[in-house]
Amino acid sequence: MTQLTCFKAYDIRGQLGTELNEDIAYKIGRAYGQIYQPKTVAIGCDIRLSSEALKQATINGLNDAGVDVLDLGMTGTEEVYFAAFHLNVQGGIEITASHNPMDYNGMKLVRENARPISADTGLKEIQALAESGKFVEVSTKGTTKHYNILPEFVDHLMTYIEPGKIRPLKLVVNAGNGAAGHVIDAIEERFQALNVPVEFIKIHHEADGTFPNGIPNPILIENRDSTRDAVLKHKADMGIAWDGDFDRCFLFDEKGQFIEGYYIVGLLAQVFLMKQPGEKIVHDPRLVWNTLDIIQRYQGQAVQSKSGHAFIKQVMREQNAIYGGEMSAHHYFRDFAYCDSGMIPWLLTIALLSETRHALSTLVENMIDRFSCSGEINFKVADTQTIIQRILDHYAEQNPQIDRTDGVSLDFGDWRLNLRASNTEPLLRLNIESQASRTVRPMSHYVDELTALISNN
């Protein structure tokens, strides 16, 4: 029995050739079909050079397990999510490595109604069957049909805004040569048909699996210049950049400034609560004060969840929350089967720009001034638990409020920190925030102090 190392906590991801290849993809498809026995599964893939062949191998595995397949072609992850809850299918698979290096690929798997399959909800069982190869022969193999989900997906996206109320806007859109471009083109076409006065300035737009402008991962500071420069050059109202499978979007204001995902969570919470006060908003524990402040001001109910899409989605379903947001730029929506989307956030933002007639910088500057944050700082450490205990011991005399929802959070009243081990890498992730009205120390003071404590091995 060969152990498959491409199975991770939330998805499948591995180096091509050694950890993931067409034979392994076939076995994963076969195992998925045998365990869940769906009638039909929707499948799509991103633009990576290896994705089409891996998709075909997965389809072959599903067909040999007796499963019919709707091949959606080149898609982003959320198009597969959409198909999984919108069409009469019992699951979905996206072949993608999102923002991983060139020589990687992977898969994101869901069941009916786009319910996630992660290590705790079936991924380990798929792994065990794929490793053992104990497949059952079926009497009737499945069939494969091609299906274009894009028109219905764009129909759905339009339900989040009132197109007639959108004011004239100029948007820089950076698909990073990933999968987002074809959806932007379809939205542009729909806007033109509806006389929505939005101009799109497209950069790195064409889907290209060689990624001539680098792997699309706007969370890396070095990947932000092209979007910022285009916003300034064209005097745009906003810039939007996506990762490879566009389930995350990153926003830039009219000054070209990158806006931390933390503040976008607050912005989107405000959008929903302005229209529907009293609704529940789910957030992660890494940075919380701005989000809690907005939820309170707009009469919502805050619900804290452990970080990670499987946890957020589960809590949202349990609580019937209208929206959930993570500072990592994952945004989840009840009307999108509690799934994350990289298209809905920017549409909601242009609706808010139109309704308030404020610039994006104006909408977020008060949040940033009141609740400053460090941004996520990653440390490579040998033993994460030892470091976390060191931090707890160091600050014990200050008697902070301690929360262990995800890693450990320490609240000192005027500043707080969250320290958590990565689920996928040997990293310790640090986030710090402070309240301007209470603290006299700059953010750099806390960053330097924690960095010294963590790095003192």
Quiz item: Hey, what's the ring geometry for Y323 with F333, parallel, tilted or perpendicular (30° and 60° as the breaks)?
Solution: tilted
Practice problem: Describe, in one word, how the ring planes of H309 and Y10 are oriented to each other, choosing from parallel (under 30°), tilted (30 to 60°) and perpendicular (over 60°). | Solution: perpendicular
Quiz item: Is the Y395 to F412 ring centre distance short of 6.0 Å?
Solution: yes
Quiz item: How about Y36 and Y32: are their ring centroids closer than 6.0 Å?
Solution: yes
Quiz item: For D155, what residues pass the salt bridge (charged side-chain N to carboxylate O under 4.0 Å, His left out) criterion, not counting sequence neighbours?
Solution: R190
Quiz item: Going through the checks in order, is the ring-ring contact (aromatic ring centres under 6.0 Å, His included) test met by F371 and Y262?
Solution: CA-CA 10 Å; F371 304 101; Y262 171 40; 7.8 Å; no
Quiz item: Have D245 and T77 got a donor and an acceptor in their side chains that come within less than 3.5 Å?
Solution: yes
Between [X] and [Y] (salt bridge meaning N to carboxylate O under 4.0 Å), is one present in this structure?
X: D225; Y: R228; result: yes
X: D414; Y: R441; result: no
X: E355; Y: K275; result: yes
X: R248; Y: D243; result: yes
X: E433; Y: R416; result: yes

Tell me whether [X] forms a cation-pi arrangement with [Y], defined as NZ or CZ under 6.0 Å from the six-membered ring centre and within 45 degrees of its axis.
X: K313; Y: Y81; answer: yes
X: R317; Y: Y338; answer: no
X: K306; Y: F311; answer: yes

Quiz item: For residues 158-168, which residue pairs qualify under side-chain hydrogen bond (donor to acceptor under 3.5 Å, both in side chains), counting only residues two or more places apart or in two chains?
Solution: H156-Y160, E162-K165
Is the backbone N or O of [Y] less than 3.5 Å from a side-chain atom of [X], with the two atoms forming a donor-acceptor pair by type?
X: E94; Y: V80; answer: no
X: E254; Y: S361; answer: yes
X: T121; Y: P116; answer: yes

Exercise. Give me the one residue out of E376, R420, R286 that meets side-chain hydrogen bond (donor to acceptor under 3.5 Å, both in side chains) with N431.
Key: E376
Exercise. Please name the pair of heavy atoms, one in A269 and one in I295, separated by the smallest distance, quoted to 0.1 Å.
Key: CB-CG1, 4.4 Å
Quiz item: Which atom pair, heavy atoms only, marks the closest approach of L62 to G29?
Solution: CD2-O, 3.3 Å
Quiz item: Quick check: are there more than 12 heavy atoms from other residues, nucleotides or ligands sitting under 6.0 Å from CG of N320?
Solution: yes
Self-check item: Q401, CD: over 12 other non-hydrogen atoms inside 6.0 angstrom
Solution: no
